[in-house]
Trainee: 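The structure that follows is given in the form of structure tokens.
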Amino acid sequence: MPRITLPDGSVKEFDRPVTAGEVAASIGAGLAKAALGAKIDGQLTDLSTRIEKDVKLGIVTAKAKGATAPDADALYLLRHSCAHVMAEAIQRLFPGVQLVYGPPLENNFYYDMLFPTGKAMSTEDFAKVEAEMAKIIAEDRPFTRYDMPMSEGLAKLKSEGSKFKLDNAERAIEAGSTELSWYATGQPGKDWEDLCRGPHVPSTGRIGAFKVLSLASSYWKGDEKLDRLTRVYGTAFATKPELDAYMTQVEEAKKRDHRILGKQLRLFHIDEMVGQGLILWTPNGAVIRQELQNFIGEELRRQGYHQVFTPNIGKLDLYKTSGHFPYYQDSQYPPILEHDTMKMLANEGCTCGDLANRMKAGDIDGYLLRPMNCPHHIKIYASQQRSYRELPVRLCEFGTVYRWEQSGEIGGMTRVRGFTQDDAHLFCREDQIAEELQGCLSLVKLIFKTLGMTDYRVRVGLRDPDSAKYVGDPGNWDKAEQACRDAAKSLGVPFSEEPGEAAFYGPKIDFVMKDVIGRSWQLGTVQVDYNLPKRFGLEYIGSDNQVHQPVMIHRAPFGSFERFIGCLIEHFAGAFPTWLAPEQVRVLTISEKSEAWGREVLAMLKAAGVRATLDESPERIQGKIKAATEWKIPYLLVVGERDAEAKAVSVRARGVQENLGAMPAAEFVAQVKSEIAERSATLACGTRQP
RNA sequence: GCCACCGUAGCUCAGUGGUAGAGCACACCCUUGGUAAGGGUGAGGUCGUGGGUUCAAUCCCCAUUGGUGGCUCCA
């Protein structure tokens with residue numbers, strides 16, 4: 001006799017097992033009609049799930065009462081169900097397609113499929129697929145679940161001959177399932193069905209709005225050695241307006257894309273002839289980078305760092321010792337050989353294979369375009385005898401590194417082949433690790449705070465015990481990982497521990513941000529390393545007059561300027577705070593009669609170190625404002641004859657519709673100068689009304 | 001690297017088997033105008049690159065290069 005507790009605390013009693021749908025109906029016809037699924041003791045289930053014991057029950061509807069956003073559980077059900085409908089539609093249109101796996105995601109869903117050889121789907125087929133889906137939805141067939149004991153279910157799958165579904169079932173067994181479940185879209189045995197753990201909406205007709213979005217290739221189980229699958233993405237919502245709102249939101253987000261804004265605002269350029277993933281910083285972007293560098297540079301001096309400069313290449317031996325060459329060869333540009341070596345090899349008729357082997361064996365020397373800065377800094381540390389008294393030694397450099405990323409992975413400024421890290425390596429005693437980590441983390445926090453970035457997460461990257469890609473002994477790894485955990489805890493923000501995310505030489509604390517299309521990027525990073533000091537035999541003389549090995553901390557609070565500024569452009573949607581804005585103030589003259597005063601104001605601004613320009617074109621003031629607005633300039637100063645007489649400027653602040661009125665030019669200059677000096681995240685000038 | 005799509009003027013994009021067009025931007029002229037586009041004139045492209053089909057290719061086919069979305073990878 002189930003007693004059912006509803007979310008509002010009220011209790012309903014039944015004298016027989018009931019389904020969640022029946023409970024909904026007992027509450028009200030409207031609710032029953034709106035119900036898409038149920039949450040039983042916190043578990044999302046079908047509406048048709050039988051309830052036999054006392055439970056807490058919530059009915060899932062498209063929108064929770066009073067909520068403005070669609071219900072996340074409802075979207076999950078809709079998308080999961082829509083994935084089935086899409087799979088059925090595609091199988092109708094493309095006979096022989098095998099289904100693999102089709103989960104709902106945060107904003108959409110996909111279905112991985114194997115198309116018969118020679119047959120492929122193209123984006124031109126989307127309309128046909130959508131039309132077929134619309135038919136299935138119009139038929140409003142119920143999602144009907146049926147379960148089978150494991151052995152029987154496996155036998156069924158074997159007879160159907162899909163290795164993918166069989167594998168899914170086997171993984172379900174590993175996860176502890178004792179039964180297998182299918183969902184038929186309609187009648188079991190008669191209509192389309194799919195091995196699936198559910199849950200689903202009651203019937204296909206409940207999928208209010210959907211869209212097939214894109215095509216991609218994927219690997220079975222994410223393993224590039226296994227089958228190459230076709231992944232079809234789609235999304236679904238309860239209503240058309242919600243879908244439209246989502247699509248509009250996606251369009252809006254694209255306008256903030258750093259690649260779009262980078263072009264519009266002339267921040268950077270990528271040129272085919274220079275090379276993929278190689279950023280050319282144009283003057284506007286260079287200003288932002290330089291300002292950030294000045295900002296962090298001031299902090300570094302405060303924190304006792306020493307600036308160093310080192311070259312962008314180094315001999316192969318250096319990277320063999322560090323482990324980069326043997327462990328990460330695939331991610332580096334191939335080594336550079338000297339002329340004489342090339343001639344000698346050519347005379348010997350050396351093949352590429354020979355060359356690779358002989359380089360590995362150390363027979364042939366060459367230079368590597370550096371993938372990291374640490375080996376050079378290590379050599380600076382090792383260039384002189386070190387006493388415990390001078391530790392920690394903190395060497396910093398805005399060091400450019402080159403990595404050979406796969407062509408399909410490169411894009412914009414967030415994933416590039418050459419980038420500059422705000423790098424530093426701290427060589428310290430073991431007892432200094434905690435404090436040094438604190439110092440590094442405080443730098444990262446300062447950056448995020450100054451720029452008003454709050455939407456980031458913290459990841460502690462640990463080694464994957466099953467992988468061979470890490471160097472060093474496990475004992476040191478354990479110590480280093482514990483140091484990272486402790487440091488992350490002290491940050492006072494939530495963090496996740498993620499095995500397999502460590503650097504090859506040590507664990508790390510990463511600060512991760514999302515871009516406008518939802519992709520995550522690692523920005524700042526702090527890493528603890530016992531391994532490289534050992535590989536290079538680094539030393540210091542301790543207070544006991546014995547030789548000791550220092551511990552290294554690698555840290556880059558921005559990560560790389562390329563990636564960071566890519567994210568920063570999106571964070572500000574191109575509207576940078578005054579201290580970062582490439583053009584901080586533009587003076588707009590009303591007519592030729594106020595040109596002299598305009599030039600005077602410009603001179604005052606420049607004298608104060610403000611990046612300012614003067615628009616004395618024959619355009620009307622409306623046109624000048626419109627043009628200036630497109631450059632997202634923080635302040636526009638309109639100067640006319642009235643202003644000239646009063647030695648004043650009429651201030652417009654970016655994002656404020658009406659002008660702020662006139663103020664003495666000298667006062668504006670003083671205000672903007674202090675706003676810039678403070679690195680204020682918001683526009684604060686000209687707020688005083690005359 | 002894999003799959004799909006895309007590449008036309010500085011930018012955003014239209015277009016056609018018979019060697020191309022718009023808006024913005026740019027240059028010049030008129031206008032001297034007080035807060036989100038005043039008017040006119042003009043210049044600017046071997047339609048990503050290389051092959052092929054064709055009497056004829058920017059358009060069709062192949063290759064290549066670059067971009068976009070995803071997969072994989074990411075020290």
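To find a chain, count down the sequence lines: A is the first, B the second, and so on, and within it residues start at 1. Because only heavy atoms are used, hydrogens play no part in the values below, and waters and symmetry mates are left out as well, while side chains stay in. Predicted model only: the values in this text are computed from it and were never measured.
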Trainee: Tell me which nucleotide, if any, is Watson-Crick or G-U wobble paired with B:A56 when both distances must be under 3.5 Å.
Mentor: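 Per the H-bond distance test, none.
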
Trainee: Looking across every strand, which nucleic acid part, if any, lies under 4.0 Å from A:Ser122 by heavy atom: base, sugar-phosphate, or nothing?
Mentor: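 If one applies the 4.0 Å heavy-atom cut-off, A:Ser122 turns out to touch the sugar-phosphate alone, with no base involved.
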
Trainee: Taking only the P atom of each, what is the distance from B:U31 to B:G40 in whole angstrom?
Mentor: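 Pairwise P distance, B:U31 against B:G40, rounds to 15 Å.
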
Trainee: Hey, does A:Tyr327 reach any base, or is it just sugar-phosphate, or nothing, if we go heavy atoms under 4.0 Å?
Mentor: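 Contact class for A:Tyr327: none.
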
Trainee: Given B:G69, is OP1 or OP2 found less than 4.0 Å from the side-chain N or O atoms of A:Arg259?
Mentor: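 Checking A:Arg259 against B:G69: at least one side-chain N or O falls below 4.0 Å of OP1 or OP2.
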
Trainee: Please determine whether a side-chain nitrogen or oxygen atom of A:Lys624 lies at a distance below 4.0 Å from atom OP1 or OP2 of B:G34.
Mentor: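 For B:G34, OP1/OP2 do not have a side-chain N/O of A:Lys624 under 4.0 Å.
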
Trainee: Base, sugar-phosphate or nothing for A:Gly500? Non-hydrogen atoms, less than 4.0 Å.
Mentor: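 A:Gly500: no heavy atom of the nucleic acid under 4.0 Å.
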
Trainee: Of all the choices, B:C5, B:A36, B:U31, which nucleotide is nearest to the side chain of A:Ile625 once you look at every atom?
Mentor: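 Per side-chain heavy atoms of A:Ile625, the pick is B:A36.
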
Trainee: I want to check one thing: is the phosphate of B:C3, taken as OP1 and OP2, less than 4.0 Å away from some side-chain N or O of A:Arg228?
Mentor: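 Checking A:Arg228 against B:C3: no side-chain N or O falls below 4.0 Å of OP1 or OP2.
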
Trainee: When only distance counts, do a donor and an acceptor, one from the side chain of A:Asp643 and one from the base of B:G34, lie under 3.5 Å apart?
Mentor: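 A donor-acceptor contact between them is present.
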
Trainee: Does B:G7 pair with anything, Watson-Crick or G-U wobble, both distances under 3.5 Å, and if so, with which nucleotide?
Mentor: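 Base-paired to B:U65.
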
Trainee: Output the rounded distance in Å from CD1 (A:Ile260) to C1' (B:G67).
Mentor: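 That distance rounds to 11 Å.
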
Trainee: Could you measure between the two C1' atoms, the one in B:G42 and the one in B:A25, and give it in whole Å?
Mentor: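 The answer is 14 Å between these two C1' atoms.
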
Trainee: Regarding A:Ile590, tell me which of base, sugar-phosphate or nothing describes its non-hydrogen contacts under 4.0 Å with the strands shown.
Mentor: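 Touches a base.
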
Trainee: Please work out if A:Ala502 contacts a base, only the sugar-phosphate, or nothing of the nucleic acid, heavy-atom cut-off 4.0 Å.
Mentor: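 The residue A:Ala502 makes sugar-phosphate contact but no base contact.
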
Trainee: For B:A27, give the paired nucleotide (Watson-Crick: N1-N3 plus N6-O4 or O6-N4; G-U: N1-O2 and O6-N3; both under 3.5 Å), or none.
Mentor: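 Partner of B:A27: B:U41.
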
Trainee: How many Å lie between CH2 on A:Trp597 and P on B:G34, as a whole number?
Mentor: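 Interatomic distance, CH2 of A:Trp597 to P of B:G34: 20 Å.
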
Trainee: Where the side chain of A:Glu272 is defined as all heavy atoms beyond and including C-beta, which of B:U35, B:A4, B:U65 is the nearest nucleotide?
Mentor: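 Output: B:U65.
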
Trainee: For A:Ile517, answer base if it contacts any base atom (sugar-phosphate contacts may also be present), sugar-phosphate if it contacts only those atoms, and nothing otherwise; contact means non-hydrogen atoms under 4.0 Å.
Mentor: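 It contacts sugar-phosphate atoms only.
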
Trainee: Scan A:Gln522 against the nucleic acid and name what it touches under 4.0 Å (heavy atoms): base, sugar-phosphate only, or nothing.
Mentor: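 A:Gln522: no heavy atom of the nucleic acid under 4.0 Å.
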
Trainee: Per the ring-ring contact (aromatic ring centres under 6.0 Å, His included) rule, which among A:Tyr505, A:Tyr530, A:Phe504 passes with A:His554?
Mentor: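 Exactly one pass, corresponding to A:Tyr505.
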
Trainee: Base, sugar-phosphate, or nothing for A:Gln622, non-hydrogen atoms under 4.0 angstrom?
Mentor: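 Answer is sugar-phosphate: A:Gln622 comes under 4.0 Å of backbone atoms only.
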
Trainee: Using the P atoms only, state how far B:U16 lies from B:C60, rounded to an integer number of Å.
Mentor: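 Straight-line distance between the two P atoms is 10 Å.
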
Trainee: Within the pair A:Ser407 and B:G1, is there a side-chain N or O less than 4.0 Å away from OP1 or OP2?
Mentor: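 It does, given that an N or O in the side chain of A:Ser407 lies less than 4.0 Å from OP1 or OP2 of B:G1.
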
Trainee: Considering only atom P, compute the distance from B:G52 to B:A20 and round it to an integer number of Å.
Mentor: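 My reading of the P atoms in B:G52 and B:A20 gives 23 Å.
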
Trainee: Is A:Leu229 close to A:Tyr219 at the side-chain level, that is, under 4.5 Å between some pair of heavy atoms?
Mentor: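 When only atoms from C-beta onward are counted, A:Leu229 and A:Tyr219 do not touch, as no gap falls below 4.5 Å.
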
Trainee: Pairing check on B:A22: which nucleotide meets the Watson-Crick or G-U wobble criteria with it, both distances under 3.5 Å?
Mentor: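 WC or wobble partner is B:U12.
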
Trainee: State whether the number of non-hydrogen atoms from other residues, nucleotides or ligands found under 6.0 Å of A:Lys320 atom NZ is greater than 12.
Mentor: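 It does: A:Lys320 NZ has more than 12 such atoms within range.
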
Trainee: Now, which nucleotide makes the Watson-Crick or G-U wobble pair with B:U46, with each of the two distances under 3.5 Å?
Mentor: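 B:U46 is unpaired by these criteria.
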
Trainee: When the nearest nucleotide of RNA chain B is assigned to A:Lys263 and to A:His324 on a heavy-atom basis, which residue is associated with the more 5' position?
Mentor: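 Nearest-nucleotide comparison on RNA chain B picks A:Lys263.
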
Trainee: Counting the atoms with a prime plus P, OP1 and OP2 as sugar-phosphate, which does A:Asp223 contact under 4.0 Å by heavy atoms, base, sugar-phosphate, or nothing?
Mentor: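 Answer is nothing: A:Asp223 stays at 4.0 Å or more from every strand.
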
Trainee: Could you check how far CZ of A:Arg620 sits from P of B:G40, rounded to whole Å?
Mentor: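 After rounding, the gap between these two atoms is 14 Å.
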
Trainee: How many whole angstroms separate atom CD of A:Gln332 from atom C1' of B:C74?
Mentor: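 Distance, rounded to whole Å: 13 Å.
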
Trainee: Which base sits across from B:C2 as a Watson-Crick or G-U pair, both distances under 3.5 Å?
Mentor: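 B:G70 is the nucleotide pairing with B:C2.
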
Trainee: Counting only side-chain heavy atoms from C-beta out, which of B:G34, B:U32, B:C3 sits nearest to A:Lys593?
Mentor: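 Nearest to the side chain of A:Lys593 among the choices is B:U32.
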
Trainee: So A:Tyr110, base contact, sugar-phosphate only, or nothing? Heavy-atom distance under 4.0 Å.
Mentor: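 It contacts nothing in the nucleic acid.
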
Trainee: When all nucleic acid strands are considered with a 4.0 Å heavy-atom cut-off, which category describes A:Glu124: base, sugar-phosphate, or nothing?
Mentor: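 Touches nothing.
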
Trainee: Could you pick out which residue, A:Thr230 or A:Gly222, lies toward the 5' side of RNA chain B when each is mapped onto its nearest nucleotide?
Mentor: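 Its nearest nucleotide being more 5', the pick is A:Thr230.
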
Trainee: Nearest to the side chain of A:Arg642, heavy atoms from C-beta on, is which of B:G67, B:U12, B:G34?
Mentor: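 Nearest to the side-chain atoms of A:Arg642, counting from C-beta on, is B:G34.
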
Trainee: What does A:Gly411 touch in the nucleic acid at a heavy-atom separation under 4.0 angstrom: a base, only the sugar-phosphate, or nothing?
Mentor: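 Counting heavy atoms under 4.0 Å across all strands, the contact made by A:Gly411 is with sugar-phosphate only.
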
Trainee: Measuring only the P atom in each nucleotide, how far is B:A9 from B:C30? A whole number of Å is fine.
Mentor: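 Comparing P positions in B:A9 and B:C30 gives a spacing of 33 Å.
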
Trainee: Judged by modelled atom types alone, do A:Asp615 and A:Ser617 share a side-chain donor-acceptor pair under 3.5 Å?
Mentor: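 A:Ser617 and A:Asp615 do have a side-chain donor-acceptor pair below 3.5 Å.
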
Trainee: Would you please classify the geometry between the A:Phe237 ring and the A:Tyr246 ring as parallel, tilted or perpendicular, with 30° and 60° separating the classes?
Mentor: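 If you compare the ring of A:Tyr246 with that of A:Phe237, the planes turn out tilted.
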
Trainee: Taking the six-membered ring of A:Phe210, is NZ or CZ of A:Arg79 closer than 6.0 Å to its centre and within 45° of its axis?
Mentor: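 No; the conditions do not both hold, so A:Arg79 does not lie above the ring face of A:Phe210.
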
Trainee: Looking at B:G70, does its base get a donor-acceptor pair with the side chain of A:Ser214 below 3.5 Å?
Mentor: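 No, the side chain and the base share no sub-3.5 Å donor-acceptor pair.
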
Trainee: Mind checking A:Gly623 for me? I need base, sugar-phosphate or nothing, with any heavy atom below 4.0 Å counting as a touch.
Mentor: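 Sugar-phosphate contact only.
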
Trainee: Between A:Glu124 and A:Ser122, does a side-chain hydrogen bond (donor to acceptor under 3.5 Å, both in side chains) hold up when you go through it step by step?
Mentor: CA-CA 5 Å; A:Glu124 286 171 17; A:Ser122 117; 4.5 Å; no

Trainee: A:Leu114 has an atom CG; how far is it from atom P of B:C71, in whole Å?
Mentor: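 The answer, rounded to whole Å, is 19 Å.
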
Trainee: From C-beta outward on A:Ala216, which listed nucleotide comes closest to its side chain: B:A4, B:C3, B:A36?
Mentor: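 Out of B:A4, B:C3, B:A36, the nucleotide with an atom closest to A:Ala216's side chain is B:C3.
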
Trainee: Measure from the side-chain heavy atoms of A:Glu641 and tell me the nearest of B:G1, B:G66, B:G34.
Mentor: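 Nearest to the side-chain atoms of A:Glu641, counting from C-beta on, is B:G34.
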
Trainee: Return the value, rounded to whole Å, for the distance between atom NZ of A:Lys626 and atom P of B:A25.
Mentor: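 Between P of B:A25 and NZ of A:Lys626: 9 Å.
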
Trainee: What's the closest nucleotide to the A:Arg519 side chain, out of B:G33, B:A4, B:G70?
Mentor: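 Ranking B:G33, B:A4, B:G70 by closest atom to the A:Arg519 side chain puts B:G70 first.
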
Trainee: To the nearest Å, give me how far apart CG (A:Leu660) and P (B:U35) are.
Mentor: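 Between P of B:U35 and CG of A:Leu660: 15 Å.
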
Trainee: Give the rounded distance in Å between these two atoms: CZ of A:Arg415 and P of B:G67.
Mentor: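 After rounding, the reported distance stands at 14 Å.
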
Trainee: So which of A:Lys479, A:Arg463, A:Lys534 actually passes salt bridge (Lys or Arg N to Asp or Glu O under 4.0 Å) with A:Asp473?
Mentor: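 Among the candidates, only A:Lys534 passes.
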
Trainee: Mind checking whether A:Tyr327 and A:Tyr470 have ring centres under 6.0 Å apart?
Mentor: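 Centroid separation for A:Tyr327 and A:Tyr470: 6.0 Å or greater.
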
Trainee: Hey, do the aromatic rings of A:His377 and A:Phe427 have their centres closer than 6.0 Å?
Mentor: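 Between A:Phe427 and A:His377, which both carry aromatic rings, the centre distance is not below 6.0 Å.
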
Trainee: Just compare B:G70, B:A37, B:U35 and give me whichever is closest to any side-chain atom of A:Arg652.
Mentor: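 Nearest listed nucleotide: B:U35.
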
Trainee: Just call it for A:Ser218: base, sugar-phosphate, or nothing, with non-hydrogen atoms closer than 4.0 Å on any strand.
Mentor: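 Sugar-phosphate, backbone atoms only, no base.
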
Trainee: A:Arg563 side chain: which of B:U35, B:C74, B:G67 is closest?
Mentor: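 When the side chain of A:Arg563 is considered, B:C74 is the closest of B:U35, B:C74, B:G67.
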
Trainee: If you check the A:Tyr219 side chain, which of B:C2, B:G1, B:U32 turns out closest?
Mentor: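 Of the candidates, B:G1 comes closest.
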
